[in-house]
Amino acid sequence: MESAARETHDAKQVLLTPAADVRGVGKYRAELLDRLNLRTASDLLFNFPRDYLDLSDERLIADLEEGQLQTVRGTVVEVSTSSKSGFGKSRVAVLIKDPSGHLRATWFNQPFVSKRFHEGQAVLLTAKPRQRGLMWEMSHPLVTNLAEEEAISDGRKMLPVYSLTEGISQYYMRKMVEAAVADFATVPEEVFPDHLLKKYDLLPLSTALQAIHQPQNQDVLQQARRRFIFQELFVMQLAVAIRRLQQRLEFAAELPTTTKIDARIRRLLPFELTPSQEQAIAEVSADMALARPMNRLLQGDVGSGKTMVALYAMLVAIANGKQAALMAPTEILARQHAETLSGLLTASRVHFAVLAGGTSKADRTRILNDVADGQINVVLGTHAIIQDDVKFHDLGLIVIDEQHKFGVRQRAKLRQDDQSPHYLVMTATPIPRTVTMTMFGDLDISTLKELPGGRQPINTYLVEPGQEERWWGFVRDRLREGRQAFVVAPLVDESNTVSAPSVAAAFEQLTNGELEEYRMGLLHGRMSAAEKQEVMDRFRIGETQVLVSTSVIEVGVDVPNASVMSIVGAQRFGLAQLHQLRGRVGRGNHAGFCGVLLGDADEKGRERLEAFSKSTDGFELAELDFQLRGPGDLFGTQQHGLPPLRVANLQRDRELLEEARQEAQTLVASDPGLKHPDHAKLRRQMLLRYGKALELGDVG
Ligand code: ADP
Ligand code: MG
């Protein structure tokens with residue numbers, strides 16, 4: 001046992017060998033590697049290629065076929081650069097020849113590429129070729145400079161391609177990693193117990209490390225990748241399974257919804273609940289009646305009526321003599337919830353207060369006192385609620401609106417010593433099922449599927465460059481009818497580095513141009529809470545007719561008279577986010593209109609925006625966003641508090657994910673603390689990666 005422990009320790013030491021001491025690196029290159037966060041032998045070993053050069057299908061130019069990845073070996077005959085005037089587009093064309101014919105390689109808008117070639121140079125070009133007239137062409141091929149490559153590739157047909165930094169060529173990077181693999185690949189200890197390696201047919205760690213850097217062929221490479229993907233997903237799923245288990249062990253007060261309580265709450269509601277709301281309320285009530293904390297995610301499209309479900313839950317808590325807290329991502333939203341609450345509760349004796357960054361010191365002190373002795377039943381606010389000096393008398397329920405703005409860690413802060421409050425998270429960012437199953441595996445889920453009756457449809461239009469005049473005319477018509485309008489832009493000010501429209505510029509342009517006859521307000525995240533509140537209030541009561549804003553209005557803002565929204569610089573927003581934004585209009589009795597000003601959106605951007613204009617289904621858009629841009633943009637894993645995945649992709653690797661999930665659950669069920677020596681490495685990996693984010697510190 002002891003010697004095993006020592007071995008582990010030694011292996012760790014060896015892997016921490018400074019990069020400078022790895023063969024072929026040296027002090028100078030180590031400094032450059034530092035920029036890529038590569039500081040040790042282990043870093044180099046686990047610095048996986050971002051791509052591979054597959055030279056296995058090498059052909060004569062005369063034997064090329066359209067549509068598949070092929071490599072030709074030839075000599076550069078001519079290098080030319082042309083610029084098409086007007087659009088500022090340039091084209092580099094490199095003509096190469098082999099014994100069978102000629103081929104042209106082209107690069108658009110990369111004039112610097114021409115510097116890499118000279119006449120007579122021997123190269124390999126890899127791409128999917130196309131026939132143009134009589135000439136074969138490769139657009140943006142991968143280039144392998146033969147003199148350099150032949151020295152290291154020793155007949156291998158797949159070369160790794162690494163991320164680089166200035167001063168380190170692909171050639172040297174390969175050499176350094178090769179040395180690290182040769183000298184260190186057998187040092188890291190296997191993470192998986194034998195039976196899992198067998199069951200899932202996984203390459204052993206050292207073999208996989210070798211294969212991922214120096215694959216003999218596609219097959220081996222895929223096996224190596226599969227091993228690392230499985231490992232990453234498995235470790236994540238262990239963390240989620242353990243987190244869930246820990247929650248099961250927590251205690252909470254039982255807060256039953258008696259028929260009497262239910263009847264009393266329903267008397268306050270101004271409308272019939274939708275079937276989904278009924279269902280969600282039933283699920284929430286069932287959770288809260290139990291002696292372990294509810295951990296429920298309530299998801300529903302913008303306007304689906306999540307707030308009502310939350311209010312119901314809060315009133316259940318209060319009816320049971322407990323306090324409730326509602327945390328919103330912005331002060332505007334917190335105050336809006338307070339208004340909804342006060343509208344419903346005029347006839348009741350529930351006391352509530354708003355606690356936010358903008359609350360004065362005197363008010364704050366008074367509120368804190370009343371919260372501590374239980375006089376205030378409901379606290380609404382921003383994360384000011386979870387600051388250390390807030391002590392609840394008896395907190396029974398926490399509702400978090402728009403959870404993706406909060407880290408997981410903040411939520412832990414609200415736990416009280418021996419009892420946890422019940423916990424309800426609301427999000428209008430629809431989360432694809434793959435993700436809810438996995439990253440949010442520690443939450444139960446209720447979904448509001450339909451919108452309450454009476455909601456107006458929102459019509460979305462793409463406004464082509466040149467059609468803006470007409471669009472603003474349309475906006476003026478709505479304003480003349482007495483409606484109000486939003487204008488949304490991605491940035492606060494014009495910035496030098498990013499060319500995107502700013503609210504400052506839009507405001508400037510519109511007040512002096514298209515909308516000069518109308519009263520306009522300006523809202524963005526850099527204003528103080530008080531300023532924002534004032535701007536919002538003025539818009540709410542109709543004193544300003546047009547609100548120019550950043551995406552701070554994305555979440556929840558409810559001004560029923562606002563019927564038209566214009567979005568400039570739309571391609572900088574995710575689809576789910578655009579959908580959120582659009583949900584700000586069409587909330588009253590008036591049909592909603594959303595104009596997406598295409599501006600200089602590129603081809604890809606246009607495609608996405610077209611999809612957006614065609615669908616009104618938030619879940620569909622989220623799924624699409626997820627496919628196009630990965631999960632990061634939905635709720636930033638960073639915002640969720642989880643580290644990003646490195647090799648796995650939840651969308652692409654769904655099947656492996658499912659296997660990993662089931663196996664992780666089985667393993668945690670049999671060894672909840674991962675105490676068995678066979679699981680020690682897995683446990684370490686899990687804590688290293690997810691311990692902090694998921695508060696797993698007390699495992700074992
Ligand atoms: P979101 O899910 O976006 O938070 P809200 O809770 O703000 O949606 O509800 C959107 C609007 O619909 C609000 O004005 C709310 O009063 C109204 N609403 C909620 N539930 C119903 C219902 N069952 N019937 C009619 N209107 C409803
Ligand atoms: Mg809401």
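Counting convention: from 1, in listed order, for ligands and their atoms alike. What you are looking at is a predicted structure, and each value in this text was computed from that prediction instead of being measured.
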Asks: To the nearest 0.5 angstrom, please state how far the CG atom of Leu268 sits from the CG atom of Leu341.
Replies: 10.0 Å
Asks: Looking only at the side chains, is there a donor atom on one of Glu331 and Thr382 sitting less than 3.5 Å from an acceptor on the other?
Replies: no
Asks: I'd like to check which ligand 1 atoms, numbered from 1 as shown, lie under 4.0 Å from a non-hydrogen atom of Leu273.
Replies: 23 (N)
Asks: Under a 3.5 Å cutoff, is there a donor and acceptor pairing between the side chains of Asp287 and His422?
Replies: no
Asks: Report the part of Gln277 (side chain from C-beta onward, or backbone N, CA, C, O) that has a heavy atom under 4.0 Å from ligand 1; answer both or neither where that applies.
Replies: side chain
Asks: Find all atoms of ligand 1 within a distance of less than 4.0 Å from any non-hydrogen atom belonging to Thr307, and give their numbers and elements.
Replies: 4 (O), 5 (P), 6 (O), 7 (O)
Asks: State the atoms of ligand 1, each with its element, that fall below the 4.0 Å cut-off from a heavy-atom position in Glu272.
Replies: 22 (C), 23 (N), 24 (N)
Asks: Minimum distance, heavy atoms only, to atom 25 (C) of ligand 1: which one of Ser304, Ser276, Pro452, Gly343 is it?
Replies: Pro452
Asks: Mind telling me whether Phe474 and Phe593 have parallel, tilted or perpendicular rings, with 30° and 60° as the class edges?
Replies: perpendicular
Asks: Rounded to the nearest 0.5 Å, what's the gap from CD on Glu278 to CG on Leu273? Could you check?
Replies: 4.5 Å
Asks: Does the side chain of Glu283 pick up a donor-acceptor pair with the side chain of Gln279 at under 3.5 Å?
Replies: yes
Asks: Please determine if Gly305 has a nitrogen or oxygen closer than 3.5 Å to a nitrogen or oxygen of ligand 1.
Replies: yes
Asks: State the atoms of ligand 1, each with its element, that fall below the 4.0 Å cut-off from a heavy-atom position in Thr274.
Replies: 23 (N)
